[in-house]
Amino acid sequence: MVTMYEIIEKKQRGNKLDESEIKYFVNGYTAGDIPDYQASALLMAIYFVGMDYEETALLTRYMTNSGEIIDLSGIDGIKIDKHSTGGVGDKATIVTVPLAAACGENVAKFSGRGLGFTGGTIDKLESIPGYVTGLSIDKFIDAVNKVGAAMAGATGDLAPADKKLYALRDVTSTVESIPLIASSIMSKKLASGADGIILDVKCGSGAFMKNPDTAAELAQTMIDIGKYEGKDMAAFITNMDQPLGLAIGNALEIKEAVETLQGNGPADLVDLCVSQCVKAMEMTSSKSADECKTIIETAINDGSAYKKFLEIVENQGGDTSYIEDISKLVGTPSSQEWLAENDGYISSMQTERIGISSVLLGAGRETKEDDIDYLAGIVLAKKTGDIVKKGDLIATAYATDSSKFDAAKKCFMDALTFSSDKPEIIPIIIKEL
Ligand code: URA
């Protein structure tokens with residue numbers, strides 16, 4: 001009989017764990033038979049020593065099997081899911097899902113809420129009055145069969161092992177480990193039942209992964225895990241050294257997503273969403289990338305991508321009058337203009353701090369119990385590489401409670417650096433795997 005002590009010692013000495021040891025750990029910890037202190041010790045050993053491909057895939061498999069596995073076989077055809085590792089201003093799901101559905105894809109998208117300084121798709125969608133994010137699996141399947149896509153929160157008990165392990169990692173400084181992040185994300189994705197998964201691994205000052213090489217290593221690890229389980233996998237490494245698009249905040253991001261579906265989106269967001277959509281179409285057809293792009297451009301230009309978003313919103317109970325007249329959605333909160341205090345190029349944006357600034361305005365939760373101010377957020381007028389003169393508008397902040405502006409402004413301004421030389425601009429898509 002193996003013991004936790006022996007498993008910890010084996011990993012601590014740099015050895016590979018076998019399947020029975022990984023199974024013993026995941027099942028025992030999920031059941032409450034292994035105490036937190038032993039699980040923490042093993043997580044710390046994994047943090048320092050790492051895990052090879054097979055160990056990581058097996059860890060993921062047992063975490064996936066620790067709870068419900070969603071059966072999406074009731075959806076006709078191939079089901080595609082996309083997942084972003086989380087960023088600031090990341091509304092790509094809200095564009096890519098209707099866009100891909102308008103191009104004939106079946107998109108089964110389970111999303112999460114905001115975490116820390118990063119926003120969450122479910123919170124953004126809930127800024128639309130009436131939109132129901134808590135669908136039963138049957139209703140979710142019906143929605144995809146009826147309109148080609150559903151965007152909802154994960155229901156049921158998906159990967160409970162991850163819930164427990166993530167909470168423990170969060171307080172034992174063991175979050176930033178590639179096998180642990182990869183198994184955490186992929187256990188939930190594999191339990192969600194899609195046939196193909198497109199990953200958007202963020203990299204930079206607003207992401208867990210600060211440099212492209214570690215982001216690519218994480219992406220490759222997740223691709224390998226997915227393939228081990230027979231899934232079609234693709235990944236993008238994308239730039240999170242500045243927010244995606246211009247809007248940060250829930251209703252503000254829905255507005256920007258709608259404008260993008262109508263053909264008026266910011267270049268980085270358009271580029272990312274079109275590329276993700278091409279990838280989804282390549283997974284389910286033999287069309288070339290150019291053919292896919294032509295179909296996508298047509299869906300944007302002829303209004304069918306926007307119409308598909310209205311259909312998805314209506315099908316999930318949302319009041320589409322708030323989309324058709326978007327000024328109703330963004331409302332009339334207090335606003336404040338934030339102006340440049342220096343001349344020069346914006347040479348960098350500490351994106352995490354910009355995310356925190358939006359949380360301080362009320363766009364995210366400072367504690368688990370906080371309510372979100374759906375109208376709060378920031379709209380950037382300038383981004384990295386833009387030149388400004390002292391007094392130029394850099395961003396407009398919005399909040400229902402105007403007492404929040406001062407702290408948020410300080411946090412935002414501290415996030416910017418200026419230079420007299422034009423900085424190098426990193427493209428939105430750094431690498432495709
Ligand atoms: N997101 C997750 O779901 N898990 C991690 O470990 C990190 C980001």
Side-chain angles (χ1 to χ4, degrees), residues 22 25-26 29-30 39-40 42-48 50-51 55-57 59-64 66-68 70 81-88 90 92-93 109-123 153-194 197-211 214-226 229 231 233 235-238 240 244 351-352 355 364-365 368:
I22 292 170
F25 165 60
V26 176
Y29 186 60
T30 310
S40 310
L42 181 60
L43 291 173
M44 191 58 83
I46 294 171
Y47 179 93
F48 281 115
M51 280 184 139
E55 287 174 291
T56 311
L59 175 64
T60 312
R61 179 176 288 177
Y62 284 102
M63 287 167 67
T64 307
S66 68
E68 186 184 342
I70 297 175
D81 190 1
K82 82 163 266 290
H83 179 81
S84 153
T85 56
V88 177
D90 183 6
T93 289
K109 179 70 185 105
F110 291 106
S111 293
R113 295 193 182 276
L115 197 65
F117 63 90
T118 64
T121 299
I122 291 302
D123 294 327
T155 50
D157 196 21
L158 290 192
D162 177 61
K163 278 193 198 92
K164 280 192 83 173
L165 285 170
Y166 193 88
L168 192 60
R169 288 166 57 212
D170 206 19
V171 293
T172 54
S173 189
T174 49
V175 170
E176 287 181 40
S177 146
I178 285 180
L180 296 179
I181 296 176
S183 55
S184 166
I185 292 174
M186 286 305 293
S187 61
K188 289 170 286 204
K189 287 287 109 185
L190 293 172
S192 303
I197 302 167
I198 299 167
L199 301 166
D200 178 1
V201 179
K202 304 284 185 197
C203 156
S205 62
F208 278 122
M209 297 291 132
K210 304 295 180 217
N211 78 65
T214 46
E217 198 184 330
L218 173 63
Q220 191 58 53
T221 306
M222 292 196 282
I223 287 176
D224 292 346
I225 294 171
E229 300 299 343
K231 304 289 178 186
M233 300 294 300
F236 294 90
I237 312 299
T238 68
M240 200 22 81
L244 181 62
T351 310
E352 177 171 345
R365 297 177 188 83
K368 265 198 325 211

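Below, each value reflects all heavy atoms present in this structure, side chains not excepted, and no hydrogens, waters or symmetry copies. Owing to the predicted nature of the structure, the values given are computational and were not obtained by experimental measurement. Read the numbers this way: they start at 1 and go in the same order the structure lists the ligands and their atoms.
The distance from ligand 1 to the heavy atoms of Tyr166 drops below 4.0 Å at these ligand atoms: 4 (N), 5 (C), 6 (O), 7 (C).
For the residue pair Thr351 and Ser205, a side-chain donor N or O sits within less than 3.5 Å of a side-chain acceptor on the partner.
Once rounded to the nearest 0.5 Å, the distance linking CE of Met222 with OG1 of Thr60 reads 10.5 Å. Residue Ile237 holds its CD1 atom at 7.5 Å from CG of Leu218, rounded to the nearest 0.5 Å.
Judged purely by atom type and a 3.5 angstrom limit, Asp90 uses its side chain to pair as donor or acceptor with the backbone of Ala92.
Contact analysis puts Ile185 in contact with ligand 1, with a non-hydrogen atom separation below 4.0 angstrom.
Of the protein's heavy atoms, Lys188 NZ, 2.5 Å lies nearest to atom 3 (O) of ligand 1. Given atom 4 (N) of ligand 1, the protein heavy atom at minimum distance is Ser184 OG, 2.6 Å. For atom 8 (C) of ligand 1, the closest heavy atom belonging to the protein is Phe208 CE1, 3.4 Å.
Looking at ligand 1, you'll find an N or O of Arg169 within less than 3.5 Å of one of its N or O atoms.
For the pair Lys164 and Tyr29, the cation-pi criterion (under 6.0 Å, within 45° of the ring axis) is fulfilled.
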